[in-house]
Number of protein chains: 2
Amino acid sequence: MLTNVMEDYLKAIYELQDADQELVSTSEIASQLSVKPPTVTTMTKKLAERGLVEREAYNGVRLTDEGETVAIEVIRHHRLLEAYLVEQLGYDWAEVHEEADVLEHHISETLEQRLAEALDETTVDPHGAPIPSETLALASRSDTYLSECEDGAHLVVVEVSDRDPEQLAYLDEAGITPGTNLVVTEIAPIDLITVQPQPDDTPVSLPMDVARTIRVRELNDEPEQAATNARGGA
Amino acid sequence: MLTNVMEDYLKAIYELQDADQELVSTSEIASQLSVKPPTVTTMTKKLAERGLVEREAYNGVRLTDEGETVAIEVIRHHRLLEAYLVEQLGYDWAEVHEEADVLEHHISETLEQRLAEALDETTVDPHGAPIPSETLALASRSDTYLSECEDGAHLVVVEVSDRDPEQLAYLDEAGITPGTNLVVTEIAPIDLITVQPQPDDTPVSLPMDVARTIRVRELNDEPEQAATNARGGA
DNA sequence: TATCTGGTTTAGATGGAGCTAATAAATAAA
DNA sequence: TTTATTTATTAGCTCCATCTAAACCAGATA
């Protein structure tokens, strides 16, 4: 039986692991989970014994298929909860992450299914992240981040990170949410990128670190109609 | 900070404690929580240190006001969850207990409040148990159990225990749910009581142990109209 | 009053998850 | 190539919640 702490480690490794299956280091995991490196070493050894990760001493770990399955299941719980809390219980998109982070480890298969049924049409969570299907397949996800875009690019916001509530509240205020169209108006050499939601809106400047957490899709110069988004009211 | 195990102990003690504030014994708690007596001794000492229970060695424990507050808060979570899962997520009343027993320790104040708002009109959980108010006041509850009723008595079912899913499914099948009117048609000297939901219904016999978990209100011989109940569909 | 018996408590162990301090490995710098 | 720095790991501790086996009380029985 897996503990919820183990689930947290698997989820963290999944989220830190790039598409190219590189090893995730001890210190990365430690910082993601706010624990000290020795704790991570102990834990990853245990996960390796159970066949959930492959471990290379001093180099890091990589999820096995089994470990990945668990991680995606937890992520499904997380995103279903976020979507449900926003759609059905009036949560603001900035406050759901914490609640979902706890509950994701404690809902039964039954509740998972009931939530999914109640969210029939919903395929992404309130921040735009795709909800893994019941079979734990993940919809493909944009690989382009706002931080990589060039000056003048026309984009639509696909997904923002759900990690930082204050950042989310700020972006919401600034009108940058999944579905928003943006034009990049300036890339300053001080790790600052400026975007403009609507042609005559106030431009919004964002630190590159923030831009790295925003996934976008590039438009071919023809602004698209805004997609619906599941973001909650204030 | 209280652990969820501590919350479980406080809830168990609350539920075992009679109205007359008698001490609850180590072994009663152990059996309620499915742990061994020494575990209970250790835990109740810790709770006593924190001022949540009063402890008399070899005699048992009693909740302090502070301990009772925690217990009622947990019970509020439990019943809100049960009611919500049945009303909004299509749970059957027989299956909610387990889910609520886990989640009750993990929902935030915010979610507690959101659930309460979504259950505006609901004052009892699906089994008829009153939901403590936000200020942790408990509505008064019938003190009469079916097991204490006399032959021929006219009653309305107020509340059934949520502990045993199979028992609940059986009672549901037999039409004994909160709001049901009953007449006691036989009390056999073999710990068996027979009741009849409707005048020309099939009589239902129940072991006294089961009857002891069903709270009723006696009617003055005039059958009342069935009260609404929040029980879920099959 | 002395003894038995059942429930309670103490003693000591285990497994989970975390920590600090010290050591070891890998990498970067001199 | 040797040294310095960063990063990982080992060693050993703590707390939580549980257990079993042994000792202990207290009320019932003889």
Side-chain angles (χ1 to χ4, degrees), chain A residues 1-18 22-63 67 70-71 74 101-106, chain B residues 1-18 22-63 67 70-71 74 101-106:
Chain A
M1 203 40 209
L2 291 188
T3 65
N4 61 4
V5 175
M6 287 174 177
E7 289 180 356
D8 269 333
Y9 276 83
L10 295 171
K11 187 176 81 154
I13 295 165
Y14 181 88
E15 282 167 356
L16 291 168
Q17 177 175 282
D18 290 307
E22 268 176 36
L23 292 171
V24 179
S25 76
T26 300
S27 51
E28 282 178 288
I29 300 169
S31 117
Q32 176 92 347
L33 295 174
S34 303
V35 298
K36 304 292 171 185
T39 309
V40 174
T41 299
T42 312
M43 193 67 218
T44 53
K45 278 183 175 175
K46 212 168 293 175
L47 294 172
E49 267 171 31
R50 298 192 192 208
L52 296 160
V53 303
E54 283 167 33
R55 195 179 127 84
E56 284 178 27
Y58 292 97
N59 283 307
V61 294
R62 175 190 298 120
L63 293 177
V70 174
V74 175
D101 241 16
V102 175
L103 294 180
E104 64 188 10
H105 304 294
H106 303 293
Chain B
M1 204 41 210
L2 291 188
T3 65
N4 61 4
V5 175
M6 287 175 177
E7 289 180 357
D8 270 331
Y9 277 82
L10 296 171
K11 187 176 79 156
I13 295 165
Y14 182 88
E15 281 166 357
L16 292 168
Q17 175 176 283
D18 290 307
E22 267 175 37
L23 293 172
V24 178
S25 77
T26 300
S27 51
E28 282 177 287
I29 300 168
S31 119
Q32 175 92 348
L33 294 175
S34 302
V35 297
K36 305 291 171 188
T39 310
V40 174
T41 300
T42 312
M43 193 68 219
T44 52
K45 278 183 174 176
K46 211 168 295 177
L47 294 173
E49 268 170 31
R50 298 192 193 211
L52 296 159
V53 304
E54 281 166 37
R55 195 181 129 82
E56 283 178 29
Y58 292 97
N59 283 308
V61 295
R62 176 190 297 118
L63 293 176
V70 174
V74 175
D101 241 16
V102 175
L103 294 180
E104 65 187 10
H105 305 294
H106 302 292

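Chain letters run A, B, ... following the sequence lines, proteins first, then strands; residues in each count from 1. All heavy atoms count here, side chains included; hydrogens, waters and symmetry mates do not.
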Taken to the nearest 0.5 Å, the spacing of A:Glu7 CD from A:His105 NE2 works out to 6.0 Å
OH of B:Tyr58 to CG of B:Leu23, rounded to nearest 0.5 Å, is 15.5 Å
Do the side-chain N or O atoms of B:Thr39 get closer than 4.0 angstrom to the phosphate oxygens (OP1, OP2) of D:dT18? no
Taking only the side-chain nitrogens and oxygens of A:Arg55, find out if one of them lies under 4.0 Å from OP1 or OP2 of D:dT9.
yes
Taking D:dA8, C:dG18, C:dT10 as options, the one with an atom nearest any side-chain atom of A:Thr41 is D:dA8
A:Met1 atom CE is separated from C:dG15 atom C1', nearest whole Å, by 16 Å
At less than 4.0 Å, is any side-chain N or O atom of B:Thr26 found next to OP1 or OP2 of C:dT9? Yes or no. yes
Between CE of B:Met6 and C1' of D:dC16 the distance, given in whole Å, is 8 Å
| task | Answer yes or no: does a side-chain N or O of A:Ser25 lie under 4.0 Å from OP1 or OP2 of D:dA8? | result | yes
To the nearest angstrom, the CG-C1' distance between A:Asn4 and C:dG16 comes to 11 Å
Of A:Lys46 and A:Asn59, the one whose closest nucleotide on DNA chain C sits nearer the 5' end is A:Lys46
Output for pair (B:Ser31 OG, B:Lys36 NZ), nearest 0.5 Å, gives 11.0 Å
A:Arg50 atom CZ is separated from C:dA17 atom C1', nearest whole Å, by 13 Å
**OP:** Would you mind reporting whether A:Val70 and A:Tyr14 have side-chain heavy atoms less than 4.5 Å apart?
**Re:** no
The residue among B:Val5, B:Val74, B:Leu47 that forms side-chain contact (heavy atoms from CB on, under 4.5 Å) with B:Leu10 is B:Leu47
Here the distance between atom P of D:dA17 and atom OH of B:Tyr9, to the nearest Å, is 8 Å
Taken to the nearest whole Å, CD/A:Glu56 to C1'/C:dA26 is 14 Å
Review point. For A:Tyr58 and C:dT23, is the shortest distance between a side-chain N/O and OP1 or OP2 below 4.0 Å?
Key: no
Reckon B:Thr3 has a side-chain N or O less than 4.0 Å from the OP1 or OP2 of D:dA17?
yes
Against the side chain of B:Pro38, the closest entry in D:dT9, C:dT10, D:dT18 is C:dT10
Rounded to whole Å, CG of B:Leu33 lies from P of D:dC19 at a distance of 10 Å
May I ask you to evaluate whether A:Ser27 reaches the phosphate of D:dA8, defined as a side-chain N or O under 4.0 Å from OP1 or OP2?
-> yes
Separation of C:dA17 atom P from A:Glu7 atom CD, nearest Å, is 11 Å
